[in-house]
Amino acid sequence: MKASPTNTQAAAAILEVVARIPRGRITTYGAVASRAGQPRRARLVGRVLSQLPAASRLPWHRVVGAGGRLALPQGSAAYERQVARLRREGVEVARGRADLRKHGWNSPVGGLDRWLWRVGDSGDET
DNA sequence: ACAATGACGCCTC
DNA sequence: AGAGGCGCCATTG
């Protein structure tokens, strides 16, 4: 039975991590890969997600590229779908880019940490 | 077995 | 900031 495309284990781990992403938060392919125990397998994450059945309840839309850039082809149906879902969860998306700084999973910003670290309050960003 | 491709990432120009 | 190049990995032609 090798009807399984990629390593079922890695794939399962990846799916589990993605399923774990809290609503309203986003993370990156690389981060998911690392969390799944497969560092440097960002591409594998993308592959797994790309093969997700349409009926899947997985919050794949919470996974974006490094820096919050959306990895899907801009203008594609999937792309629009992701943007819509993210915004619906309160995630700001502008110019093909999600605000990872604000909604990043485990990001320093997102609550109390913002006060502790004063992220984005030191005038280092716009 | 080799070349090309892709929901990636980081570096350099 | 936009564009190009190289590294990585698994699938496909």
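For A:A66, taking side-chain heavy atoms from C-beta onward, the closest of the listed nucleotides B:dG9, C:dG2, B:dA7 is B:dG9. Taking only side-chain atoms of A:T28, from C-beta outward, the nucleotide of B:dG9, B:dA7, C:dG2 with the closest atom is B:dG9. Listed candidates were B:dG9, C:dG7, C:dA10. Nearest to the side chain of A:R47 is C:dA10.
Rounded to whole Å, the distance from CD on A:Q74 to P on C:dG2 is 11 Å. Atom-to-atom, CG of A:L100 to C1' of B:dG9 comes out at 14 Å; the value is rounded to the nearest Å. We find that CG of A:L49 is positioned 18 Å from P of C:dC9, with the value rounded to whole Å. When rounded to the nearest whole Å, the span between CD1 of A:I14 and P of B:dC8 equals 13 Å. For A:L44 and C:dT11, the CG to P distance is 8 Å, given to the nearest whole Å. When rounded to the nearest whole Å, the span between OH of A:Y29 and P of B:dC10 equals 14 Å. In this structure, A:L15 atom CG and B:dA7 atom P are separated by 17 Å, rounded to whole Å. Going from atom CG of A:L72 over to atom P of B:dT5 covers 19 Å, rounded to whole Å.
Side-chain N/O atoms of A:R41 include none lying less than 4.0 angstrom from OP1 or OP2 on B:dA7.
Using modelled atom types, no side-chain atom of A:R40 and backbone atom of A:Q38 make a donor-acceptor pair closer than 3.5 Å.
A:W60 does not carry A:R81 over the face of its six-membered ring by the limits of under 6.0 Å from the centre and within 45° of the normal.
Between A:R25 and A:E89 there is no salt bridge, since no side-chain nitrogen of the basic residue lies less than 4.0 Å from a carboxylate oxygen of the acidic one.
The structure places NE2 of A:H103 at 4.0 Å from CD of A:E92, a figure rounded to the nearest 0.5 Å.
Using a 4.0 Å heavy-atom criterion, one finds that A:R81 contacts no nucleic acid atom at all.
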